[in-house]
Amino acid sequence: MQDNHDREWPAGPTNPNGRAWQDPTRAVHAGPRPRDQRGLINPPVDRASTIIYDSVEAYMDRHQGLYDEVIYGLYGTRTTFALAEAVSELEAGYATVITSSGTSAIALALTAFVGGDDHLLVADCVYGPTRKFLTDVLARFGVEVEYFRPDIGSDIAALCRSNTRLIYMETPGSQTFDMIDVPAITAVARSRGIVTAIDNTWATPLFFKPLAHGVDVSVASATKYLSGHSDCLLGTMTAASETIYRQLKDAAARWGNCASPDNCYLVHRGIRTLDTRLERHQRTAMTLIDWFLEQPEVVAVRYPAHPADPGHAIWKRDFTGASGLFGVQLDRLTPAETSSFFDNFSLFQLGSSWGGFESLAVPAWPAPIRDFPNGEADGALIRIHAGLEAPQDLIVDLDAAFGRVRAMRGGRKTS
Ligand SMILES: *Cc1c(COP(=O)(O)O)cnc(C)c1O
């Protein structure tokens, strides 16, 4: 696994002055050029299971093409490879494997590197279903899973053992938005030959480039911002090196994981407007947070891009932007207040898969599944996804929700 550690990071396609294009430009053009697909601006949608061969010799040799050729529908068509190329360009990776969902990308990235009797270190703030996969599947196969505090930094060295194969991170963490010092952890991992992987769904490759911070595998749910329209599921695993890429591609092939061509097409289309959408999601999130902080019932906000967040310094150092998902911690709400708050919105919807155009608000209870709870037990944590609506309309909707709670508490602001 040495080949990925001291390599030069690809600059991506360069402009006429020999410099890398900016990310917004890359998002618009990433993937095969129209001249490589008969002039089509968008990639063709290939539907295929069977691929035919000209000769017995070509047929017998077909599996050598697993990593970069169309050999069987399961392993990807032109549509899949076009999207993989685009995502890899944005993540500044060696290559990307597209999977059926974010959850499958996580499961495959984990199984690609660990087996029986291996030790796995996992950030305590990972996505709930990631935790379920570790407990319900990997632990059954004899992998020892140990969770670490998201703020552990280089002290992770003390947890590394001779059989530690993988360190798995997610930042900001699901629900609690903890910031992890990624370069501190990858420096420890590199010195010991341990592979690192991270869930980069929240930031998208436009706002955080894990591989440039020493991570070996960046996984993401493309279901969220890359798709952007709440109508399809897809996952990505981007590798820092050829060795890692081959391990990921092998894992997807062996488990028979396959992405639908329609979903690949939709996500590729979503990437074209990703930068524009994220700019708006981010701006609206900040507007809503400033408003939330003026409400007496709000105890804290969790959005690393906001100076009030404890993870702000790391975010500022490593990230170039923020998306539209954040947490708000309120005074404890009674069950009746919780229902009244969430059940009666006009614009905000109660739904969990964020990253689409619409605003969402859901209650969250991270504490019960955590090894190291992060203060949220003292109140109600709500998770907001700032959609693309006019921010002032969203504030009207939120103001009414706080009004309902205040009315139940006696009709008066508690200031
Ligand atoms: C939603 C989500 C996933 C899972 O993605 P699916 O495409 O829904 O399977 C993984 N990680 C994070 C952080 C998510 O929010």
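Whatever order the structure lists them in is the order used to number ligands and atoms, beginning at 1. Worth saying up front: this structure is predicted, and the values here are computed from it rather than measured.
Phe177 and Trp202 have perpendicular rings, their planes meeting at more than 60° on a 0 to 90° scale where under 30° would count as parallel. Ring pair Phe341/Phe402 is perpendicular by interplanar angle, where above 60° counts as perpendicular and below 30° as parallel.
Annotation: salt bridge (charged side-chain N to carboxylate O under 4.0 Å, His left out) contacts involving residues 274-286, sequence neighbours excluded, are absent.
Atom CZ of Arg269 is surrounded by 12 or fewer heavy atoms from other residues, nucleotides or ligands within 6.0 Å.
In this structure, Phe326 has its ring center at least 6.0 angstrom away from the ring center of His306.
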One line per pair, note the atom names and distance for all nitrogen or oxygen contacts under 3.5 Å between ligand 1 and the protein.
{"unit_1": "ligand 1", "atom_1": "5 (O)", "unit_2": "Ser221", "atom_2": "OG", "d": "2.9"}
{"unit_1": "ligand 1", "atom_1": "7 (O)", "unit_2": "Gly102", "atom_2": "N", "d": "2.8"}
{"unit_1": "ligand 1", "atom_1": "7 (O)", "unit_2": "Ser221", "atom_2": "OG", "d": "2.9"}
{"unit_1": "ligand 1", "atom_1": "7 (O)", "unit_2": "Thr223", "atom_2": "OG1", "d": "2.5"}
{"unit_1": "ligand 1", "atom_1": "9 (O)", "unit_2": "Gly102", "atom_2": "N", "d": "3.2"}
{"unit_1": "ligand 1", "atom_1": "9 (O)", "unit_2": "Thr103", "atom_2": "N", "d": "2.8"}
{"unit_1": "ligand 1", "atom_1": "9 (O)", "unit_2": "Thr103", "atom_2": "OG1", "d": "2.6"}
{"unit_1": "ligand 1", "atom_1": "11 (N)", "unit_2": "Asp199", "atom_2": "OD2", "d": "2.6"}
{"unit_1": "ligand 1", "atom_1": "15 (O)", "unit_2": "Lys224", "atom_2": "NZ", "d": "2.6"}

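Glu358 and Ser230 share a side-chain donor-acceptor pair at under 3.5 Å.
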